[in-house]
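Step one of this worksheet: look at the structure below.
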Amino acid sequence: MTDPVAKLPSELDQLPDRDPEETAEWAASLDAVTKAAGPHRAAYLMRRSLQHAEGAGIALPKLLETDYVNTIPTAAEPAFDGDLEMESKITAWNRWNAAAMVTRGARYGVGGHIATFASAAWLYETGFNHFFRGKEGDGSGDQLYIQGHASPGIYARAFLDGRLSEQQLDNFRQESGGDGLPSYPHPRRLPWLWEFPTVSMGLGPLSAIYQARFNRYLTNRNIKDTSNSHVWAFLGDGEMDEPESTAALALAAREQLDNLTFVINCNLQRLDGPVRANFRVVQELEGAFRGAGWNVVKTLWGSAWDELFQLDTTGALIRRLRQVPDAQFQTYATRDVAYIREHFFGAEPALAELAKLLSDAKIAECFYSSRGGHEARKVYAAYRAALEHKGAPTVILAQTVKGYTLGKGFESKNANHQMKKLSIDEFKSMRELLGLPIPDSAFEDGLVPYGHPGADSPEVRYLQERRAALGGPAPARRVHAVALPEPEERAFKALYKGSGKQEMATTMAFVRLVKDLMRDKETGRRWVPIVPDEARTFGMESLFPSAGIYSPLGQTYEPVDRDQLMYYKEAKDGQILNEGITEAGAMADFIAAASSYATHGETMIPFYIFYSMFGWQRTGDQMWQLADQLGKGFIVGATAGRTTLTGEGLQHADGHSHLIASTNPASLNYDPAFAYEIAVIVKDGLRRMYGPEAEDVFYYLTVYNEPKQQPAMPEGVEEGIVKGLYRFKEGTPTTADAPRLQLIGSGTAIHWALEAQELLAADWGVTADVWSATSWGELRRDALESDEALLRGEERVPYVTQALSGAPGPVLAVSDWMRAVPDQISQWVEQDWSSLGTDGFGLSDTRAGARRHFGVDPQSVTVAALAQLARRGEIPASKVKEAREKYGM
């Protein structure tokens, strides 16, 4: 007989076989079973063998996909720790009020989503009654990432609990009056309830992973014991298509984050239709998560299916479930029993015989409603299994019906995500299905009423007792702000005095400042340096041996550079989060650290440094998530500007991040030119974010990789630095009637302005004052606030207008950014205004070549200044042409 092992080449062919005869006997046995009992029996025996081997501790690769059945058999389900009848009543009230709130809001056209919570109600209720720890118990409680479209159900439960009123429910999606409810989980809009914004799909799962990882970071660094905190992320199966949703699965498994559970509501529908119309999304997700190293628990079928599985003595039912695509199963839920008998059970004779043993009522129950995600006992068993599993995160794949209990007009319909209301008759049918005591008279005004059993009802008492036992209300956000002491002045003074004759890039100045601040006795340990690889590019290697790179395993190897002063040191209590090449992961790190003051009552000071081109452009959505979550910290766009990293070319040349950053109201954006400006800005930032009157803002600083001599700080410029503008160097008139103008530069462009100041004086007899614009954005913010004050009848002059008031001549602004960045303030400048910038794509060249290309080098600034003066008639136009020729333009 031919050795069947040799039929197909595989990795096993490379391994030594010390007993080929025994191997052949095993293969022959498998062939015999296949011939006698069929391939399905052979496959079953193989899987049983693998299961036995795993139980015996034999190291074997795991199967990535299991049958389309529940992971936890009914017989193995733990005892249910609660009153199922009471929890069913609570869930019914929540279903009703969630649908009522959205339907009532439809009068005003504000919309809302009904079907998602209808499918997931038991996934939440079981957690709230048995698992989710609140913030009033020991530790920080659990962190709940609620699926955004399920928010009406969370509001409905808060209403039942007495935390929200009918008036607030009626103000769902109507926030401008001050007592409304935001559409989705938005902490900035409802900061006592929501902790984590999740509706920007894909960011919830990514953030949940890094939150669980940050919890371990706090524990391992001995800042706070978070061992009793568990992170629960509720997600949609369609949401898992977002690349961010699965981007960090390997990280969670690699770091053994068994403090994390994903609950994926597999209702088999996206926003417009089936998630995997021709395939099975549950099986696909199982393979992805198992392959990444997660523990997978499938909760697919309700108890009505138990009878069917018991009757399936041939395995035909299991085979059929493995074959049916999602879209077809969705169709079964909307068709009559005759259709199901023909198209599902008619697929093979064994199934047809099984169907003869089933009543129409049993088939209808199984295919219309009996899903694992709709039964508290099934969900309870899955959650218990997730908490008991150690060494890896868990994903629960819970199958549900989208629009469950909302009636045939909603359930499993492709359009149900866009359906915003039920009719009165549909509500009455829902009332009968849920068994709610709501009389017909309650509908007399034409509106569906809210329902409540009473503040002292058994349902409310049960709900509140369960929450009290678990540590108080959830979800809930609590802030116990404790101001951090100001760091010692020594770190800032080092930059105030400048670098003397030594050249230093502002990137290096920032890193040097943070390194000194990390040594501060009071606040040093609270800094969280974050970098998406290339820490050496930003001069951070000096932090490696002193602060250490965080790793939950410590350092299990001898680093190749161990004999060097700045060797690569990993440590379990390491302070640096060096994430590898993932800006999205690093940003998720930042968000977790930036909101730790609320999540854990531990204030941390994160700074995240990256190539500026790869910040706002690549992860801008997360910046909004950060703002929504009221996070604080320093985001640093290094190697900034369009022309300072020119060797890298177009995709590294950032000339627009400040424009994008200016759209975020919580972002305070600075473009410092000198090291002392960085020191002043960081010091003020620490005060504003972590002082006694802490603000819910974060800072975006751009720093440059161009080494320059750093001047000492002039006297009295601190206010101007913080507000965004001050005069750095006044020009000296060559004659009493010399033409004069104002040059404003930001970041590295200040040096072009200073050189242009010299050229204007030496070559053309023109006097120029040079101003440093540390923040175009803050100047604009102040000016907008001044305009708003005028509308209220208050007299207020914008700071930029005050600062430049009376300054002679026109104003010319120059920066390494597109012109729209400095042009933000033009309308509040009383002088004639023009600007130079780096509009267009970046390119590879020398710095000088790139700056000449964009027309921002000192000679170009000089010609532009002369052109402004010529337009005003202050110098002959011929001087402009002469200057162009002189400078080879």
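From a predicted model like this one, the values you see are computed outputs, not experimental measurements. Position 1 is the first residue of the sequence, and the numbers go up from there.
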Are [X] and [Y] ion-paired here, with the side-chain N under 4.0 Å from a carboxylate O?
X: E239; Y: R270; result: no
X: R467; Y: D161; result: no
X: K683; Y: E489; result: yes
X: E195; Y: R477; result: no
X: R290; Y: E286; result: yes
X: R536; Y: E541; result: no
X: E602; Y: R526; result: yes

Could you report the tightest heavy-atom contact between [X] and [Y], atom names first, then the distance?
X: G373; Y: A398; value: CA-CB, 4.3 Å
X: N705; Y: T507; value: N-OG1, 3.9 Å
X: V379; Y: T299; value: N-CG2, 4.5 Å
X: A212; Y: N259; value: O-ND2, 3.1 Å
X: R133; Y: N228; value: NE-O, 3.1 Å
X: V297; Y: I72; value: CG1-CD1, 4.1 Å

Ring pair (Phe, Tyr, Trp, His ring centres under 6.0 Å) assessment of H149 paired with Y184 | CA-CA 7 Å; H149 293 139; Y184 302 123; 5.5 Å; yes
For residues [X] and [Y], determine if any side-chain heavy atom of one lies less than 4.5 Å from a side-chain heavy atom of the other.
X: D533; Y: E579; result: no
X: F128; Y: P475; result: yes
X: D671; Y: H658; result: yes
X: I635; Y: Y699; result: no
X: E242; Y: E244; result: yes
X: P552; Y: R216; result: no
X: Q147; Y: T198; result: no
X: H389; Y: D258; result: no

Polar side-chain atom of [X] near backbone of [Y] as donor-acceptor pair, under 3.5 Å:
X: S119; Y: T116; answer: yes
X: S657; Y: W616; answer: no
X: T126; Y: W122; answer: yes
X: R466; Y: N129; answer: yes
X: D628; Y: L630; answer: no
X: R189; Y: E175; answer: no
X: S551; Y: G554; answer: yes

Given salt bridge (charged side-chain N to carboxylate O under 4.0 Å, His left out), test E693 with R687 step by step and report yes or no.
-> CA-CA 8 Å; E693 299 179 4; R687 177 190 63 81; over 6 Å; no
Is the distance from the ring center of [X] to that of [Y] below 6.0 Å?
X: W194; Y: Y155; value: yes
X: F510; Y: F607; value: yes
X: Y611; Y: H652; value: yes
X: F610; Y: Y608; value: yes
X: F234; Y: Y124; value: yes
X: H130; Y: Y383; value: no

Determine, step by step, whether F132 and H230 satisfy the ring pair (Phe, Tyr, Trp, His ring centres under 6.0 Å) criterion, reporting the C-alpha distance in whole Å, the side-chain angles of both residues, the deciding distance to 0.1 Å, and the verdict.
-> CA-CA 8 Å; F132 303 157; H230 198 85; 9.4 Å; no
Is a donor from one side chain sitting under 3.5 angstrom from an acceptor on the other, for [X] and [Y]?
X: E570; Y: Y568; result: no
X: T599; Y: Q143; result: no
X: S229; Y: N215; result: no
X: Y217; Y: R213; result: no
X: S140; Y: K224; result: yes
X: T226; Y: T219; result: yes

How many angstroms lie between atom [atom1] of [X] and atom [atom2] of [Y], to the nearest 0.5 angstrom?
X: L513; Y: L495; atom1: CG; atom2: CG; answer: 5.0 Å
X: L206; Y: M201; atom1: CG; atom2: CE; answer: 15.0 Å
X: W192; Y: R478; atom1: CH2; atom2: CZ; answer: 8.5 Å
X: E583; Y: I530; atom1: CD; atom2: CD1; answer: 13.0 Å
X: I581; Y: E534; atom1: CD1; atom2: CD; answer: 7.5 Å
X: L701; Y: Y670; atom1: CG; atom2: OH; answer: 8.5 Å

What do the steps show when you test Y690 against Y597 for ring pair (Phe, Tyr, Trp, His ring centres under 6.0 Å), and what is the final call?
-> CA-CA 10 Å; Y690 306 107; Y597 72 95; 8.2 Å; no
Other residues, nucleotides, ligands: >12 heavy atoms within 6.0 Å of [X] [atom1]:
X: E284; atom1: CD; value: yes
X: K572; atom1: NZ; value: no
X: R490; atom1: CZ; value: no

Given the options R519, M518, M604, W527 meets side-chain contact (heavy atoms from CB on, under 4.5 Å) only with M518
